[in-house]
Amino acid sequence: MSSSLLRYAVVLGLLSAIGPFAIDMYLPALPAIGQDLGASTGAVQMSLMAFFISVGLGQLIYGPVADMVGRKPPLYFGLVLFALASIGCALAPNVEMLIAFRFIQGLGACAGMVVPRAIVRDLHTGNEAARLMSMLMLVFSISPILAPLAGSAVTAFASWRAIFWIVMVAAILGLILLALALDETRPAEDRVESGVGSAIAGYWQLLRDRHFLGLVFIGAFGISSFFAYLANSSFVLIDHYGLTPTQYSLAFSVNAVSFFGFSQLNGRLGAMFGLAKVMRVAVTGFAASVVILFLLFLSGLDGLPVLIAMLFIGNGFLGLVIPASAVLALDEHGEIAGTASALMGTLQMVTGAVVMAVVGLFLDGTALPMVAGIAACGVIAFTLTQVTLSRRRRPAAAPAA
């Protein structure tokens with residue numbers, strides 16, 4: 001493994017993790033936030049949805065800007081905005097202000113989500129890109145594995161507000177890391193033809209590319225299954241199953257370990273069998289696992305061990321799907337990698353927010369609505385995979401003589 005590849009994986013992974021860290025760390029505190037601010041479960045969940053929506057919409061701006069001015073300036077701006085909004089969240093007097101500052105915080109966080117994917121595409125394609133993307137996700141995994149544990153530890157000794165002071169410090173450390181350890185990967189000569197017009201043209205080109213959209217939505221519904229778990233797991237595991245915040249954090253981390261552990265096999269399996277075949281098999285395994293989980297719960301087998309075990313299997317398969325779908329979607333759009341990464345992120349975040357809202361309509365205090373939403377995402381991802389990967393790509397037109 002080259003030192004430069006490892007350096008990029010570590011730096012990009014840590015920058016990508018700052019935004020999700022602000023999600024995962026405060027999950028164990030959601031019930032406490034509702035009690036402290038006198039807010040309903042739905043209102044508290046809205047602070048999570050506001051973050052996702054702003055992350056999705058903001059990427060439409062950051063992507064083209066990263067193509068126009070380079071990769072590092074948008075990252076600087078996003079991290080500063082994230083840090084300032086974190087202060088607002090920490091001082092929020094009511095749930096409405098918390099939701100507003102979470103929305104602004106998401107606008108800052110999305111820079112660290114869209115730009116690193118474009119940097120990966122700047123550096124590599126194919127299996128090498130899958131390898132770097134998987135390594136990036138391994139570093140990124142520090143958030144869902146350690147952040148809930150850190151959040152439960154903080155709330156055990158301090159107010160939930162301390163969580164937002166901590167993520168502000170994380171953003172400042174991210175600024176230092178960005179300044180000292182990351183090179184600019186989009187040179188000035190590659191930005192000459194980038195502008196507002198080219199961004200609009202790029203989005204139009206991508207929205208007409210059914211293969212690109214198919215791959216994006218495969219990843220979108222895979223990620224949305226995880227979002228459905230994110231939004232509801234603290235209430236289900238703490239209120240329904242009676243776990244403490246620390247026990248919840250450990251249960252949450254088990255599934256995160258599965259997801260990111262299996263993701264490390266992407267480069268090796270892709271080199272052996274091809275990324276498309278790996279993704280097809282992985283989506284099938286993911287869909288089968290979550291559908292079986294739904295059928296078990298539907299039959300009345302409502303048990304925490306069953307939930308954790310089946311999600312462990314399903315999220316392992318999902319760890320193979322997400323990096324492969326992203327690499328395959330970006331492979332043919334290197335010249336507009338920032339724009340393509342932005343549209344991918346926007347569509348995936350908006351899809352996730354819609355799934356969370358739909359699942360929220362059916363909440364009844366049990367795990368069944370959450371499990372049903374996860375299973376539905378698995379079935380849709382499986383169907384899209386069969387349609388997208390069975391359709392042959394048209395060869396590029398030959399240049400005119």
Side-chain angles (χ1 to χ4, degrees), residues 19-20 22-24 26-31 33-34 37 39-60 85 89 92 94-107 109-110 113 144 213 216-240 252 255 286-287 290-291 293-294 297-298 307 311 314-315 318 322 343-381 383-384:
I23 301 171
D24 301 327
Y26 99 135
L27 288 178
L30 288 178
I33 291 173
L37 298 180
S40 65
T41 298
V44 176
Q45 284 185 321
M46 184 59 67
S47 69
L48 185 62
M49 288 182 59
F51 187 92
F52 280 116
I53 292 172
S54 64
V55 165
L57 296 177
Q59 290 188 62
L60 289 174
C89 291
N94 51 55
V95 73
E96 290 79 15
M97 291 298 292
L98 177 63
I99 292 170
F101 279 113
R102 285 287 283 173
F103 184 88
I104 299 172
Q105 192 184 43
L107 291 177
C110 61
M113 297 179 182
L213 292 177
V216 165
F217 279 108
I218 292 167
F221 281 100
I223 292 173
S224 295
S225 71
F226 200 63
F227 287 175
Y229 183 70
L230 279 176
N232 298 281
S233 59
S234 61
F235 297 101
V236 171
L237 272 64
I238 294 175
D239 295 339
H240 179 57
F252 187 91
N255 288 302
F286 167 63
V290 294
V291 168
L293 173 63
F294 171 67
F297 269 71
L298 195 62
L307 178 68
L311 285 180
N315 285 328
L318 189 59
I322 303 303
L343 183 60
M344 175 192 300
T346 295
L347 293 176
Q348 291 179 346
M349 285 293 175
V350 171
T351 302
V354 171
V355 168
M356 286 193 295
V358 171
V359 172
L361 295 176
F362 297 94
L363 292 181
D364 59 2
T366 71
L368 186 59
M370 178 183 75
V371 170
I374 293 172
C377 288
V379 171
I380 295 172
T383 303
L384 286 172

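Computed over heavy atoms, backbone and side chain alike; hydrogens, waters and symmetry mates excluded.
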side-chain contact (heavy atoms from CB on, under 4.5 Å) between Leu237 and Leu307, worked out:
CA-CA 10 Å; Leu237 272 64; Leu307 178 68; 4.0 Å; yes
I would like to know whether His240 and Phe235 meet side-chain contact (heavy atoms from CB on, under 4.5 Å); could you show each step before the answer?
CA-CA 7 Å; His240 179 57; Phe235 297 101; over 6 Å; no
Walk me through whether Ile374 and Leu311 qualify under side-chain contact (heavy atoms from CB on, under 4.5 Å).
CA-CA 10 Å; Ile374 293 172; Leu311 285 180; 4.1 Å; yes
Give the C-alpha distance, both sets of side-chain angles, the deciding distance and a yes or no for side-chain contact (heavy atoms from CB on, under 4.5 Å) between Ile223 and Ile322.
CA-CA 7 Å; Ile223 292 173; Ile322 303 303; 3.6 Å; yes
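Listed for the Ser47 side chain is no donor-acceptor partner under 3.5 Å among the backbone atoms of Ile99. Of the possible polar contacts, none joining the Ser224 side chain to the Phe227 backbone as a donor-acceptor pair under 3.5 Å is found. The closest donor-acceptor contact from the side chain of Asn94 to the backbone of Met97 lies under 3.5 Å. Checked by atom type and distance alone, the side chain of Gln59 never pairs as donor or acceptor with a backbone atom of Met113 at under 3.5 Å.
For the atom pair CG of Leu48 and CG of Leu30, the computed distance is 6.5 Å after rounding to the nearest 0.5 Å. Atoms CG and OG, on Leu107 and Ser54 in that order, are 4.5 Å from each other to the nearest 0.5 Å. For the atom pair SG (Cys110) and CD1 (Ile53), the distance works out to 13.0 Å, reported to the nearest 0.5 Å.
Two residues are said to be in side-chain contact when any heavy atoms from C-beta on lie closer than 4.5 Å; Phe221 and Val379 fail this criterion. Using a 4.5 Å cut-off on side-chain heavy atoms (C-beta onward), Asp364 and Pro369 make contact. With contacts defined as side-chain heavy-atom distances shorter than 4.5 Å, the pair Gln45/Asn232 qualifies. Side chains of Leu347 and Leu213 form a contact here, defined as non-hydrogen atoms less than 4.5 Å apart. With a 4.5 Å cut-off on side-chain heavy atoms, Val236 and Thr366 do not count as touching.
The number of heavy-atom neighbours closer than 6.0 Å to CE of Met49, taken from other residues, nucleotides and ligands shown, is above 12.
Ring to ring, Phe103 and Phe51 are not that close: their centroids are 6.0 angstrom or more apart.
The minimum heavy-atom distance linking Gln348 with Val216 is given by the pair NE2-O, 3.2 Å. Nearest heavy-atom pair across Val355 and Ala228 is CG1-CB, 4.2 Å. For the pair Pro28 and Ile238, the tightest heavy-atom approach, listed with the atom from each and the gap, is O-CD1, 4.2 Å. Minimum heavy-atom separation, Leu318 to Gly222: CD2-O, 3.3 Å. Closest approach of Phe286 to Gly314, counting heavy atoms only: CD1-O, 3.3 Å. Among all heavy-atom pairs drawn from Val44 and Gly34, the shortest one is CG2-CA, 3.5 Å.
A cation-pi arrangement is present between Arg102 and Tyr26, with the terminal nitrogen or guanidinium carbon under 6.0 Å from the aromatic centre and inside a 45° cone about the axis.
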